[in-house]
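Just the heavy atoms: all of them, side chains too, but no hydrogens, waters or symmetry mates, feed the values below. Convention: sequence-line order gives letters A, B, ...; per-chain numbering from 1.
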2 protein chains.
Amino acid sequence: MAKAIQKRTLETRARLIAAAKDIIRENGYEAMRVEEVVLRAGTAKGTFFAHFRDKDALMDLIIGERIDEYLDDLQSLPAPDTPKKMAEALLPLCEFMTSERYVFDVILRYSGAAAQEEIGTIATTFGRQVEILEGWLKTYSYRNDVSSELLAEGIHAFMIQAMALRFCALHNATAINDRLGPYLVAWLQPKSG
Amino acid sequence: MAKAIQKRTLETRARLIAAAKDIIRENGYEAMRVEEVVLRAGTAKGTFFAHFRDKDALMDLIIGERIDEYLDDLQSLPAPDTPKKMAEALLPLCEFMTSERYVFDVILRYSGAAAQEEIGTIATTFGRQVEILEGWLKTYSYRNDVSSELLAEGIHAFMIQAMALRFCALHNATAINDRLGPYLVAWLQPKSG
DNA sequence: CGGCATTAATGACCATGGTCAATATAAAAT
DNA sequence: ATTTTATATTGACCATGGTCATTAATGCCG
């Protein structure tokens with residue numbers, strides 16, 4: 001049996017999401033409070049949790065949506081033909097992901113598909129990102145001793161690493177791309193065995 | 001001026017830590033509640049926060065201590081001469097780090113030196129780990145087109161990636177080492193340019 | 001219509017981490 | 001020993017996410 005979702009439901013949900021986005025636009029992701037969302041949306045608190053498993057589930061949705069926009073941009077770009085250019089192409093996405101400590105935390109938490117069962121929006125975007133990277137890797141052959149899937153996963157790992165070090169007191173002097181660039185060169189164009 | 005810490009302070013602190021460890025031993029990391037710690041230690045709640053910035057700071061301490069033990073083990077081992085053996089050597093540490101979703105979350109949060117200013121225990125262990133890896137990399141030359149520091153950071157990135165995928169609904173079928181092994185082979189012994 | 005079943009919304013309530021002005025204790029100065 | 005200062009402890013209180021039994025809409029059917 002289909003769910004038979006009422007129109008009202010969709011409206012309420014839309015109002016909640018809109019309210020959350022407003023708050024984020026005004027004061028950033030970290031500032032989002034369920035109470036405030038619910039107040040602006042004109043619903044009771046319980047309603048929020050009838051629509052979203054928890055606060056993070058809504059964050060996952062909103063952040064994931066945003067990531068998807070960056071991936072759209074990436075996809076409209078020509079495949080970069082050097083590791084350095086690749087790092088540059090990925091920079092805007094990295095910058096968004098690290099725009100707030102809180103945002104990066106949510107992404108880390110959900111990228112590993114935190115919510116055990118369901119695959120959330122962010123986790124989905126990660127799959128998509130790996131696909132885009134694989135496309136790039138097939139366009140220009142960087143190295144061919146390993147599968148492009150493995151290469152793509154590696155790029156992902158290095159992105160996370162470069163971003164994480166941004167928040168590290170010991171290492172935050174270096175810009176993301178001054179770190180990601182060398183990583184990708186070493187990963188995609190090793191000089192020898 | 002030195003702080004002139006009282007003996008009492010150290011005792012209280014020790015009681016708090018001991019209580020927390022007891023709870024963890026009995027019911028796991030996730031189960032640790034400040035209220036319960038304080039109850040067992042026989043102090044007021046406020047005392048807890050006079051000793052630790054927040055709950056996570058204590059977790060950082062306890063988990064970091066544990067990681068240090070694993071690093072001691074690693075250090076007492078002979079340097080592994082192949083990427084595969086390296087992955088095997090790192091397995092116990094990886095298993096501890098992923099023993100609970102919550103533990104991995106704390107590690108991720110604090111590895112990037114979450115608490116902006118102070119360098120916590122976990123962040124410190126990460127520095128130490130990189131040192132150990134660098135030692136290994138210098139003993140047997142894997143590849144020499146890049147610095148061993150960069151290589152060590154890469155190994156770290158791949159460890160995180162392999163562990164994160166453990167919690168991913170899409171990828172949790174693969175064992176950590178079936179993933180880490182290939183990563184390290186590709187990273188440390190690339191076959192060509 | 002007017003009942004009837006299904007789905008949505010409500011808000012009082014709970015769990016838990018965290019704060020802070022007030023108080024008690026220890027160490028130093030007289 | 002008494003006063004003074006520094007440090008540690010306290011617990012009532014707050015902030016915020018999350019729950020759930022109850023109530024209200026909605027839509028269907030005769």
Output all residues satisfying side-chain contact (heavy atoms from CB on, under 4.5 Å) with A:A20, sequence neighbours left out; order by chain, then residue number.
A:M32, A:V37, A:L58, A:I62
Mind checking what makes salt bridge (Lys or Arg N to Asp or Glu O under 4.0 Å) contact with A:D54, not counting sequence neighbours?
none
Looking at residues at least two apart in the chain, or sitting in another chain, which of them share a ring-ring contact (aromatic ring centres under 6.0 Å, His included) with A:H51?
none
Taking NE2 from B:H51 and C1' from D:dT10, how many angstroms apart are they, rounded to a whole number?
12 Å
At a heavy-atom distance below 4.0 Å, what parts of residues 14-22 of chain B sit against DNA chain D?
none
Whether A:E134 side chain and A:A152 backbone form a donor-acceptor pair below 3.5 Å
no
For B:F52, all residues meeting ring-ring contact (aromatic ring centres under 6.0 Å, His included), sequence neighbours excluded:
B:F48
For the residue pair A:F96 and A:F104, is the inter-centroid distance of their aromatic rings smaller than 6.0 Å?
no
Heavy-atom pair of closest approach, residues B:R179 and B:T174:
NH2-CB, 3.1 Å
Okay, side chain of B:E36, backbone of B:I23: is any donor-acceptor separation there less than 3.5 Å?
no
Looking at D:dT7, I'd like to know if its phosphate oxygens (OP1 or OP2) sit under 4.0 Å from a side-chain N or O belonging to B:T9.
no
For every nucleotide of nucleotides 17-28 of chain D, 5' to 3': is a protein heavy atom under 4.0 Å from its base (B), only from its sugar-phosphate (S), or from neither (-)?
BBBB----SS--
Please report, rounded to the nearest Å, how far the C1' atom of D:dT7 is from the CG atom of B:L10.
13 Å
